[in-house]
Amino acid sequence: MDPVQKVKMSLAQLVSEALEEARGQKLLSFATAPDFVIEVPREKGHGDFACNAAMLLARQARMAPRQIAEILVGVIKAGSLAGVEKVEAAGAGFINFYLSNDWLFEVPALVVKMGGDYGRNESKNQRVQVEFVSANPTGNLHMGNARGGALGDTLANILDRAGYNVEREFYINDAGNQVEVFAESLEARYLQLKGFDVKFPEDGYAGQDVIETVRNIIGAYQDRLLDMESADRRQIMLNFALTEKIDYIKNTLENFGIKYDVWFSERSLHETGQVDLVIEQLKEKGYVYEKEGALWFKSSEFGDEKDEVLKRANGIPTYFAADIAYHRDKFKRGFDWVINIWGADHHGHVARMKGAMQALGYDPAALEILLMQLVRLYRGGTIVRMSKRTGTTISLDELIEEVGRDAARFTFVMRSPDSHLDFDLELAKQKSLENPVYYVQYAHARICSVFRQAAAYNATLPSVDEVDVTLLNEEDELALLRKIAEFPEEIAIAARTVAPHRMARYVLDLAGLFHSYYNHHRVLNENPELQKARLLLLMVTRITIQNGLGILGVSAPEQM
RNA sequence: GCGCCCGUAGCUCAGUCGGAUAGAGCAACGGUUUCCUAAACCGUGGGCCGGGGGUUCGAGUCCCUUCGGGCGCACCA
């Protein structure tokens with residue numbers, strides 16, 4: 001059980017009882033008990049935990065918060081809860097609790113017992129789906145896809161540890177207009193390579209990688225595509241290219257540490273008639289009208305700026321229509337929570353997609369769209385311009401090649417999704433404590449190094465029951481234990497607030513506390529009992545760092 | 001023009017439901033050190049949380065307004 005949660009719950013119980021007691025003794029008068037919280041005060045001088053019940057009750061009880069706090073403190077029996085050493089009213093009306101360190105001393109045994117599962121919250125019996133990257137299978141993966149990948153996979157890991165049943169999904173945009181253009185581009189390149197003077201489509205895919213793909217097609221088909229109806233030729237080329245591109249995407253993402261549970265094809269939605277079906281459903285519900293030959297969805301009724309076309313005048317459904325069918329399908333699959341990670345340039349779609357779900361009778365709040373801002377690449381101080389025209393664009397493969405998967409993943413999740421990300425390639429490669437990834441990994445390696453050193457002295461790692469954990473009474477040691485104790489709660493918060501970057505910060509903070517501790521105290525020392533206790537502290541620090549890095553998809557090396 | 005996101009220390013950024021004296025890293029300045037993993041460690045300075053108004057016991061956080069930056073506003077995706 002989450003150690004912090006455990007303490008908070010017993011303190012909350014204490015406060016609830018005090019409230020009832022005070023009401024019973026006619027010291028306070030209120031109808032409903034306030035929805036107070038037990039929190040960790042920012043200031044150390046304000047105790048270990050604090051409660052805001054008195055402030056929340058002020059209006060109802062018609063009494064100054066400070067006075068209420070004092071009444072409650074008077075009612076709480078000092079010795080009524082083991083480990084509570086002092087309770088006092090403070091500040092504007094806080095109730096501060098000062099605890100003995102006993103609750104922290106329970107932490108190491110718990111961490112050792114749970115091992116790789118330390119941090120995991122109880123099962124929620126809820127299914128959540130995270131859909132991310134979903135890059136067009138018409139080109140390379142770029143930095144936006146990379147950030148989305150790191151964020152999505154980390155978020156999925158967080159949700160998993162937070163007790164959800166998680167599925168990762170990739171939506172393959174293998175239908176629609178862009179795919180047509182892609183096919184035309186392939187055909188044009190093919191004919192050009194075969195010596196025909198055909199002009200390349202105006203908005204075609206002009207990248208070098210498309211030419212590569214066409215070379216591969218020629219390798220497979222030689223001249224056999226020449227004497228063929230254009231439509232047939234395009235179909236063959238398209239199927240080949242999509243397969244190749246999807247394989248490429250799959251491989252690259254696997255190199256990045258990402259494995260999907262489901263690869264969902266947009267084309268399948270069209271083929272099974274689900275796109276037309278969903279348009280019909282919306283029509284029946286009265287959210288569709290015809291204008292200038294096209295079918296429109298009344299998204300403006302759901303807070304969108306304007307209505308949106310579902311089916312063009314030429315009879316072809318839009319991407320939006322397919323996307324509605326897709327999201328309907330997600331809900332039909334029974335997910336309690338559906339999360340999408342989109343680039344901020346798609347924010348305009350949020351309102352209408354939620355609106356469409358609402359129109360279909362689903363809860364729009366169950367659809368969560370995490371928007372992420374764009375990425376700017378730097379090399380040292382100078383920005384790396386990402387231009388397809390000049391060919392200076394950096395793909396995810398190249399990034400992994402240059403800085404490594406660990407540094408790339410960490411850097412992408414380090415910042416809040418809604419903050420622009422400056423990715424410094426030089427910093428990410430740097431082997432110094434200034435590099436955040438290195439800083440955290442080094443903490444882990446350092447612990448392993450101490451263990452190796454201990455082994456060289458013939459000191460084995462202690463088992464929990466042979467250690468007197470109360471010897472860990474240095475400020476630094478207690479701070480480390482407290483941080484470790486907070487890990488499960490941190491996971492819960494990161495999940496609840498859909499904030500993958502919190503995990504990176506947590507692990508940085510933890511590593512910082514460890515480095516600082518390491519610099520001040522000898523683990524391997526002349527006092528055998530103290531040495532055992534400190535080795536145990538390092539063991540649980542290591543487990544927590546390992547688990548944290550695991551969530552981030554970053555390796556925890558034993559040596560650096 | 002309308003909508004969304006951002007604006008916090010010199011720089012890059014944190015800051016769960018509103019909580020007590022707003023934090024971290026880097027840079028700057030001062031000092032210590034060569035010790036289980038390596039130029040590391042300790043300390044100091046630095047802020048009208050873009051501006052203004054409001055809500056309340058209490059606002060970086062919520063509401064309104066204004067300024068600045070990014071993005072979006074197709075029968076593209």
Side-chain angles (χ1 to χ4, degrees), chain A residues 35-37 39 41-43 45-46 50 52 54-59 64-66 68 90-94 96 134 136 138 173 175-179 181 203 266 291-296 303-306 308-320 322-323 343-351 371-374 378 381 414-422 424 427 431-434 436 439 442 445-454 456-457 489-490 492-497 499 501-502 504-505 508-509 512 515-516 518-525 531 534 538 559-560:
Chain A
D35 195 14
F36 62 85
V37 293
E39 61 187 2
R42 229 184 344 230
E43 285 294 315
H46 294 142
N52 65 345
M55 276 109 96
L56 298 175
L57 201 56
R59 184 184 290 260
R66 179 64 192 244
I68 299 173
F94 288 97
N96 291 344
S134 297
N136 288 331
T138 51
N173 301 121
N177 195 40
Q178 49 151 8
V179 172
V181 176
D203 298 318
E266 178 187 353
K291 193 178 85 181
E292 291 160 13
L295 289 180
W296 296 72
D304 196 11
E305 293 168 50
K306 56 179 194 56
E308 195 68 18
V309 172
L310 291 170
K311 193 177 260 191
R312 304 182 184 94
N314 63 12
I316 299 171
T318 59
Y319 169 88
F320 178 52
D323 224 15
D345 52 339
H346 288 72
H347 72 252
H349 307 275
V350 175
L371 294 173
M372 51 157 191
Q373 299 296 322
L374 48 93
Y378 284 81
M414 200 167 52
R415 302 287 181 230
S416 153
D418 47 29
S419 138
H420 288 241
L421 176 67
D422 292 332
D424 186 344
L427 179 62
K431 300 241 180 304
S432 80
L433 299 188
E434 281 175 42
Y439 187 77
Y442 184 55
R446 214 171 207 183
I447 292 171
C448 294
S449 166
V450 175
F451 291 169
R452 282 191 296 272
Q453 199 73 29
Y457 296 159
E489 191 185 36
E490 187 60 37
I493 295 169
R496 187 170 67 237
T497 58
H501 66 287
R502 292 190 66 113
R505 296 209 70 89
L508 270 168
D509 288 347
H515 284 307
S516 169
Y518 176 90
N519 285 317
H520 289 98
H521 304 282
R522 300 251 348 154
V523 174
L524 303 177
N525 58 65
Q531 174 170 311
R534 290 184 170 173
L538 260 60
Q559 238 171 333
M560 293 177 79

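Naming: A, B, ... by sequence-line order, numbering from 1 per chain. All figures in this text were calculated on a predicted structure; none of them were measured in a lab.
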Handout entry: Intermediate values then yes/no, side-chain contact (heavy atoms from CB on, under 4.5 Å), Leu374(A) and Leu421(A)
Key = CA-CA 6 Å; Leu374(A) 48 93; Leu421(A) 176 67; over 6 Å; no
Does U12(B) have OP1 or OP2 sitting under 4.0 Å from an N or O in the side chain of Ser419(A)? no
Query raised in the report: Think His347(A) has a side-chain N or O under 4.0 angstrom from the OP1 or OP2 of G70(B)?
Result: no
Practice item. Would you mind classifying the nucleic acid contact of Ala344(A) as base, sugar-phosphate or nothing, using non-hydrogen atoms under 4.0 angstrom? Key: sugar-phosphate
From NE2 of His515(A) across to P of C36(B) the rounded distance in Å is 16 Å
Notebook entry, point to check: NA contact type, Asn52(A), heavy-atom cut-off 4.0 Å: base, sugar-phosphate, or nothing?
Noted result: base
* To do: Ignoring hydrogens and angles, answer whether the base of A14(B) and the side-chain atoms of His501(A) contain a donor-acceptor pair closer than 3.5 Å.
  => no
Scanning all shown strands, the Watson-Crick or wobble mate of C35(B) with both distances under 3.5 Å is none
Problem set entry | Separation of the C1' atoms in C17(B) and A27(B), to the nearest angstrom | 36 Å
Of Phe94(A) and His349(A), the one whose nearest nucleotide on RNA chain B sits closer to the 5' end is Phe94(A)
For G18(B), the nucleotide meeting Watson-Crick or G-U wobble distances (both under 3.5 Å) is none
Using a heavy-atom cut-off of under 4.0 Å over every strand shown, decide if Gln559(A) touches base, sugar-phosphate, or nothing. base
### Query
Heavy atoms, side chains only, cut-off 4.5 Å: are Leu427(A) and Tyr378(A) in contact?
no
Quick one: label Lys311(A) by what it contacts on the DNA or RNA (base, sugar-phosphate, nothing), any heavy atom closer than 4.0 Å.
nothing
Original post:
Step by step, would you call Leu524(A) with Gln453(A) a side-chain contact (heavy atoms from CB on, under 4.5 Å)?
Top reply: CA-CA 8 Å; Leu524(A) 303 177; Gln453(A) 199 73 29; 3.6 Å; yes
Checking N1-N3 plus N6-O4 or O6-N4 for Watson-Crick, or N1-O2 and O6-N3 for wobble, each under 3.5 Å, the partner of U61(B) is none
Q) Is the phosphate of U37(B), meaning OP1 or OP2, less than 4.0 Å from a side-chain N or O of Ser449(A)? A) yes
Considering only heavy side-chain atoms of Tyr442(A), the closest of A20(B), U37(B), A14(B) is U37(B)
Phe36(A) atom CZ is separated from U16(B) atom P, nearest whole Å, by 22 Å
Mind telling me whether His515(A) and Tyr442(A) have parallel, tilted or perpendicular rings, with 30° and 60° as the class edges? parallel
* **No-hydrogen, no-angle side-chain donor-acceptor test under 3.5 Å, His420(A) and Arg415(A)** => no
When rounded to the nearest 0.5 Å, the distance separating CZ of Phe320(A) from CD of Glu308(A) is 6.0 Å
In whole angstroms, the gap separating C1' of A74(B) from CG of Asn314(A) amounts to 13 Å
Any strand, both distances under 3.5 Å, Watson-Crick or G-U wobble: G47(B) pairs with none
- Quantified in whole Å, what is the P atom distance between nucleotide C6(B) and nucleotide G58(B)? 26 Å
Taking a pair to mean Watson-Crick or G-U wobble geometry with both distances below 3.5 Å, U56(B) pairs with none
message = With rounding to the closest Å, how many angstrom separate the C1' atoms on C75(B) and U61(B)?
response = 43 Å
Mate of G3(B) across any strand shown (Watson-Crick or G-U wobble, both atom pairs under 3.5 Å) is C71(B)
To the nearest angstrom, the CE-C1' distance between Met372(A) and C71(B) comes to 13 Å
Using Watson-Crick geometry (N1-N3 plus N6-O4 or O6-N4) or G-U wobble (N1-O2, O6-N3), each under 3.5 Å, A24(B) is paired with U12(B)
Rounded to whole Å, CG of Leu433(A) lies from C1' of A38(B) at a distance of 9 Å
Note: for Gln453(A) and Ala90(A) on RNA chain B, the residue whose nearest nucleotide lies more 5' is Ala90(A)
Under 3.5 Å, is there an N or O donor on one side and an acceptor on the other linking the side chain of Arg496(A) and the base of U16(B)? yes
Does Ser516(A) make a side-chain N or O approach to OP1 or OP2 of C42(B) shorter than 4.0 Å? yes
Asn173(A) and Gln178(A): CA distance, side-chain angles, deciding distance, side chain to side chain donor-acceptor pair (under 3.5 Å) verdict: CA-CA 9 Å; Asn173(A) 301 121; Gln178(A) 49 151 8; 4.7 Å; no
G30(B) -> Watson-Crick or G-U wobble partner, both distances under 3.5 Å, gives C42(B)
Under 4.0 angstrom, heavy atoms only, what part of the nucleic acid is Ala351(A) near: base, sugar-phosphate, or nothing? nothing
Hey, does the side chain of Arg59(A) come within less than 4.0 Å of C57(B)'s phosphate (OP1/OP2), counting only N and O?
-> yes
Among A20(B), C75(B), A74(B), the one nearest any side-chain atom of Val309(A) is C75(B)
Can you tell me, in whole Å, how much space there is between the P of U16(B) and that of A20(B)?
-> 12 Å
* Given A38(B), is OP1 or OP2 found less than 4.0 Å from the side-chain N or O atoms of Arg446(A)? -> yes
Rounded to whole Å, the CG-P distance (Asn519(A) to U32(B)) equals 18 Å
Margin query: Students often get this wrong, so: under 4.0 angstrom with heavy atoms, is Met560(A) touching a base, only sugar-phosphate, or nothing?
Written below: base
When rounded to whole Å, the CZ to P distance for the pair Phe451(A) and U37(B) reads 13 Å
Here the distance between atom P of G15(B) and atom CZ of Arg42(A), to the nearest Å, is 13 Å
* Heavy-atom donor-acceptor pair, Arg66(A) side chain to Gly91(A) backbone, under 3.5 Å -> yes
Whole-Å C1' distance, A14(B) and G23(B):
7 Å
Classified by glycosidic angle (syn within 90° of 0, else anti), C6(B) comes out anti
Testing the 3.5 Å rule here: is there a donor-acceptor pair between the side chains of Asn136(A) and Thr138(A)? no
Margin query: Taking any heavy-atom pair under 4.0 Å as a contact, classify Phe320(A): base, sugar-phosphate, or nothing.
Written below: nothing
- Query: Distance between the C1' atoms of G60(B) and G15(B), in whole angstroms?
  - Reply: 8 Å
- request: Please evaluate the base of A74(B) for a donor-acceptor partner in the side chain of Asn177(A) within a cut-off of under 3.5 Å?
  value: no
message: Within the 4.0 Å heavy-atom criterion, would you say Tyr518(A) contacts the bases, only the backbone, or no part of the nucleic acid?
response: base
Note to self: Over all strands shown, is Leu56(A) touching base, sugar-phosphate only, or nothing at heavy-atom distances under 4.0 angstrom?
What the structure shows: base
- Message: Categorize Gln373(A) for me: base, sugar-phosphate, or nothing, with a 4.0 angstrom heavy-atom threshold over every strand shown.
- Response: sugar-phosphate
